[in-house]
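Counting starts at 1 for both ligands and their atoms, in listed order.
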Amino acid sequence: MNNLRIANLSKTYSNGVKALDDVSIEIEPGMFGLLGPNGAGKSTLMRTLATLQEADSGSAFLGDIDILNQPVELRKVLGYLPQEFGVYPRITAWQLLDHMAILKGITNNSERKELLKYLLDKVNLYDKRNKSVKGFSGGMKQRVGIAQALIGNPKLLIVDEPTAGLDPGERNRFYNLLVDVSEDVIVILSTHIVDDIRELCSNMAIMNGGQIVYKGTPQAALEDLKGKVYQKMVTRETLKEHANSFSIISNKMVAGQPLIHIYSESSPGNGFEPVDPNLEDVFFSKTNADHLLV
Ligand code: ADP
Ligand code: MG
């Protein structure tokens with residue numbers, strides 16, 4: 001099986017921050033969503049899997065490949081789109097991809113030409129192939145990024161917060177592209193945006209404070225919370241009081257008034273009404289990020 005198996009992975013930075021705290025998880029082919037607030041450790045995990053930094057302890061295997069000890073082997077089957085894809089040079093999309101393909105070892109000219117045509121067509125940039133990447137929109141740059149990540153038919157595709165800064169249309173096109181390539185491939189998509197996971201990922205994990213605090217399907221996560229989420233419109237003045245008395249999992253402004261969701265095993269009364277849980281409720285209830293909301 002070509003599953004990704006991560007066991008007891010830990011990493012503490014030299015400043016004392018424990019970014020990975022005994023992370024263990026098995027991931028199967030398909031779209032996998034890694035959800036977590038900023039600072040959860042998502043990028044650290046992804047850079048470690050992409051063999052760009054070392055862990056202090058633990059192991060990670062992709063099928064037979066020992067990721068931490070066989071980085072060269074892993075890189076042959078890896079596609080990686082980092083959170084910061086960096087400065088885009090003043091060269092054309094074609095030149096950039098051509099260069100990356102050579103770096104990935106595709107030295108045969110006609111083979112490379114065919115591949116670039118295929119990839120540029122796939123990310124819908126063939127018409128723009130002779131334009132400077134520097135002038136591209138955020139969405140177009142991300143599509144160049146995913147095209148370079150797809151060079152060499154990766155078995156493991158890691159994309160770190162790929163939709164940050166994209167408009168809704170660009171986001172949708174990007175999602176469709178990922179779903180398109182995810183057959184037989186492990187795609188790990190990290191995000192702090194719950195919407196990214198909802199329709200896209202068959203499996204997910206939630207990370208917080210360097211730990212995996214939930215793993216399963218989005219549906220099972222929702223099922224867990226069923227009957228335990230209640231909502232109420234409150235005033236700004238009473239928000240603090242409510243925060244003291246109830247376990248608030250989210251707080252949204254609706255027409256200028258806070259609408260709060262709380263977690264409760266039984267009916268809390270007090271004007272609260274039951275509501276179907278959403279993934280945001282799952283996220284906040286697992287990460288206890290509610291203190292940020294009030
Ligand atoms: P995420 O991608 O979920 O936002 P990161 O992996 O980037 O999380 O960061 C996890 C924690 O590790 C944060 O507290 C962050 O400040 C810290 N961190 C990340 N990279 C470094 C580094 N190179 N040196 C020191 N601390 C770091
Ligand atoms: Mg990150």
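No cation-pi contact links Arg171 to Phe174, judged by a cut-off of 6.0 Å to the six-membered ring centre and 45° from its axis.
Of the protein's heavy atoms, at least one falls inside 4.0 Å of atom 11 (C) of ligand 1.
Contacts with ligand 1 closer than 4.0 Å are made by no heavy atom of Ser190, backbone or side chain. Residue Arg47 touches ligand 1 through its side chain alone, judged by heavy-atom distances below 4.0 Å.
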- [ ] In sequence, state the C-alpha distance, the side-chain angles, and the governing distance for Phe272 and Phe246, and then conclude on ring pair (Phe, Tyr, Trp, His ring centres under 6.0 Å).
- [x] CA-CA 11 Å; Phe272 281 96; Phe246 302 100; 4.8 Å; yes
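Within the structure, every pair that satisfies the side chain to side chain donor-acceptor pair (under 3.5 Å) test and touches residues 203-228, not counting sequence neighbours, is listed here: Asp21-Gln211.
Considering backbone and side-chain N/O of Thr44, one or more are found under 3.5 Å from N/O of ligand 1. Between Ala19 and ligand 1, no N or O atom pair is found at a separation short of 3.5 Å.
For ligand 1, the atoms sitting less than 4.0 Å from at least one non-hydrogen atom of Asn38 are 4 (O), numbered in the order shown with element in parentheses. Close contacts between ligand 1 and Ser43 involve ligand atoms 1 (P), 2 (O), 6 (O), 7 (O) [criterion: under 4.0 Å to a heavy atom].
Protein N/O/S atoms nearer than 2.8 Å to the Mg ion (ligand 2) total 2.
Heavy-atom separations between Gly39 and ligand 1 include at least one value shorter than 4.0 Å.
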